[in-house]
4 protein chains.
Amino acid sequence: MSSRRTKTPENKPRQARAQATIDAILEATIRILERESLDLATTTRIAEIAGVSVGTLYHHFEDRDAIVNALQEREFTRALAMMQDVLSQENLGTAPREMVERVVRGLAKLYETSPALHRVLAIEGLRVANAERVHAFDLRVIDVVRGFLLQSREHLRSDDVEAAAFVAYQSVRATMLASLLERPPGLDLEALVKQLVDLVVRYLIRDDAATQPKS
Amino acid sequence: MSSRRTKTPENKPRQARAQATIDAILEATIRILERESLDLATTTRIAEIAGVSVGTLYHHFEDRDAIVNALQEREFTRALAMMQDVLSQENLGTAPREMVERVVRGLAKLYETSPALHRVLAIEGLRVANAERVHAFDLRVIDVVRGFLLQSREHLRSDDVEAAAFVAYQSVRATMLASLLERPPGLDLEALVKQLVDLVVRYLIRDDAATQPKS
Amino acid sequence: MSSRRTKTPENKPRQARAQATIDAILEATIRILERESLDLATTTRIAEIAGVSVGTLYHHFEDRDAIVNALQEREFTRALAMMQDVLSQENLGTAPREMVERVVRGLAKLYETSPALHRVLAIEGLRVANAERVHAFDLRVIDVVRGFLLQSREHLRSDDVEAAAFVAYQSVRATMLASLLERPPGLDLEALVKQLVDLVVRYLIRDDAATQPKS
Amino acid sequence: MSSRRTKTPENKPRQARAQATIDAILEATIRILERESLDLATTTRIAEIAGVSVGTLYHHFEDRDAIVNALQEREFTRALAMMQDVLSQENLGTAPREMVERVVRGLAKLYETSPALHRVLAIEGLRVANAERVHAFDLRVIDVVRGFLLQSREHLRSDDVEAAAFVAYQSVRATMLASLLERPPGLDLEALVKQLVDLVVRYLIRDDAATQPKS
DNA sequence: TATGAATGAGGATTCATTCAT
DNA sequence: TATGAATGAATCCTCATTCAT
């Protein structure tokens, strides 16, 4: 996103310091989100907690939104990487149910690390202003999921791979967040994962094929 | 403390006027949400569009949030009423799949009326400040769904009725909203309803029972 | 102050009802002052506690200030009446110190009934807008005190009766209020009265004359 | 939490600028009080006259009240400093009456500089919200006065040093303010000082001792 | 007379952002 | 580059007062 290119020899340590500052700012923001709310994450407050001045904050981020966007992008990247990793070619032999479980569990891990952050990212993701970025991310996710589904085409219930990917992804994402935020009794993380895996597998995959390794 | 003395006969026309004002304010708010965003729904702006003064607005609503809360409450009530209606006793004979479809379709209708409103309500529902109200609503929904599921207990895949109700409701709600906001190609309303019904029925109900009327 | 004169036969019961309303409003105001503060004594709030509508309140008082003014006037009247009573001709024979003590004690009684009210009246009395009314009251008080002093001219230390009356009155008034508001340890009401009597007597009256009945 | 890193050398000119701004705001406030009233000393107006923006005002003062509090504190400090100065050890040899006169005159000087300011401070001092601060100041004054009285214990009429200090201070303070605000005829500043010195000396000190230097 | 919904000017406060040092 | 004082548009909200019913 922020690509500066000054071809001086000090480039590296300088870049390293810049990255440290950026990270401090992002972490400070998350800290505020966790303890309080997005409303209290003012630029002044973020800078204060990050241990820098507002001026410095604005050296590294175009404006306040850019900070939240950076967080969003970072989580997007992490989520996608995880999914690509699990659904990659080399896992071709694994049974569909196992694959789904790995993805759901991976997602749960990401969300669990900072539910407050994901609460805010969900809110931001719903903002009209962010529609495009979020949509783009969704497309990338759908793409990965679709890739996986196409590999297992023979076991799918439905032909509409695109729609199925969309529905499955949204269901998992939203239910997981709601569960982490509301913590409904009797639905601990393990039970949640089981339910979501059931949901997805039954929705997507023919009964007999779920637990069979793909041929 | 506040001793109202005479419930005068003029009370009714006065109340009617008050209700009309309240409605005007709510509708004005929705109108702004639809055309623009929650950020632009300032108290001044709402009052202006509603054709009243800010003072009047504050005469009827504690503060700005109270307006959005009122909208939320109104939608909560509508959604619950619809569900209770569909899942009521007198529909006992209907096949489960049919029942699910009616609920999903009913929900879709509500959402379709004003996706922008539901976008905002979803955002508001994620705010920490509203956690309690939203949670309370979720519990009421879960309750209705659970009631339905218990009636059909024999056809259920799982015993964990509570968890199943939660997962099913969150999945439908979130996917429907995402779909209305992103309008993914190839997923028109009809297709969406079909996918969601498939999702829920396969998740909840034993294969053979879905299309049979309950005995 | 508010002199209405409608020469109808229903005049009396009507006036009685009006006076009851006025009293209810004044008492409601005092109640708010006592429990909270002048800031919270809004017209709406006063009306509510008085058990009438704002409209009714405005039927009886020109504007909000008129309410506080009425309270001020009422206390002015009470204080003056008390002083005139004590310092009246028929007490001519009493020793000066005794007279002073009666006045101080009378004042203390008034203040003690509602320190919060007198706190507010003191504040209002300092407002530029009220300068004239307060000044007029002070003149009336000074007048009464001066009358007393002139009677006892022979025992006075100073010839500047006017100045002495002013200083004595302000000292007693302010110290009494401060004492009631701050309640300094070791200065209960009885001690306060003694100190103030000492203060005034020593200030005004020749040593040998204080405890002698006037000849 | 707030980790200030480098107390850079530019800190001083920056601090000087900040102090200048604060002073400008305080002086602007006084100017409004003098010409008009506290009600007209709105934050916008103060900022305007101080030649800064509202934002800057809020950069230096928590809220509107903080400005008046700062003025109060400043006057408190000045008054205390003056009293401590006059009543300090090195003036031990001075006659009591002379000491009292110096204090009264010093106070008169402070009040005369800006009666309007002291009118407002008196009002603010009566506010419930400020009770604690005012009380604390009173205690400090009482303390200084008591220190003085204890030095002259042999000449005092009363043993209740605490009560005497309280009564004397409140009397002087209030009478002086009332006199400056009402300007009663025949009581110019010189006459006022004389009356107050008489009041205090006769109240506190044994007749024969007032004009003798302390042994 | 009583009622209370409606008014709207006006005030306090916030906070993203800039820029001189 | 870093700093943090300064900016000021924008927002929420209050409350004395009016007036149609």
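Convention: sequence-line order gives letters A, B, ...; per-chain numbering from 1.
Look at NE2 on D:His60: it is 16 Å from P on E:dT13, rounded to the nearest Å. Atom CD1 of A:Ile67 is separated from atom P of E:dC15 by 14 Å (rounded to the nearest Å). Atom CD1 of C:Ile46 is separated from atom C1' of E:dT3 by 18 Å (rounded to the nearest Å). In this structure, B:His59 atom NE2 and F:dC13 atom P are separated by 17 Å, rounded to whole Å. Going from atom CG of A:Asp39 over to atom C1' of E:dA16 covers 14 Å, rounded to whole Å. Whole-Å rounding puts the B:Asp65 CG to F:dC12 C1' distance at 11 Å. Residue B:Arg45 contributes atom CZ, which lies 12 Å from atom P of F:dC12 at whole-angstrom precision. If you take CG of B:Asp63 and P of F:dT11, they are 17 Å apart, rounded to a whole angstrom.
Side-chain nitrogen and oxygen atoms of D:Thr21 include at least one within less than 4.0 Å of the OP1 or OP2 phosphate oxygen of F:dA6. Contact annotation: A:Thr44 side-chain N/O to F:dG4 OP1/OP2 distance is not under 4.0 Å.
Salt bridge A:Arg45/A:Glu36: present, at least one basic N to carboxylate O contact under 4.0 Å.
Under the Watson-Crick and G-U wobble criteria, each requiring two contacts below 3.5 Å, nucleotide E:dT7 is paired to F:dA16. Applying the Watson-Crick and G-U wobble criteria (two distances, each under 3.5 Å), F:dT21 pairs with E:dA2.
Closest to the side chain of A:Val52, out of F:dT3, F:dC13, F:dG8, is F:dT3. Minimum atom distance to the side chain of D:Ser53 is reached by F:dA6, of the listed F:dT17, E:dT3, F:dA6.
The line from CG of A:Asp65 to CZ of A:Arg127 is 8.5 Å long, rounded to the nearest 0.5 Å.
C:Thr43 comes within 4.0 angstrom of a base, heavy atoms only. Using a 4.0 Å heavy-atom cutoff across all strands shown, D:Thr42 reaches sugar-phosphate atoms only and no base atom.
Taking the side chain as every heavy atom from C-beta outward, D:Thr42 and D:Ile46 never approach each other to under 4.5 Å.
Nearest heavy-atom pair, B:Ser114 versus B:Ile30, reported as atom, atom and distance to 0.1 Å: OG-CG2, 4.0 Å.
Nearest-nucleotide positions on DNA chain F place A:Leu57 closer to the 5' end than the other of B:Tyr58 and A:Leu57.
Under 3.5 Å, the side chains of D:Gln19 and D:Asp23 contain a donor-acceptor pair of N or O atoms.
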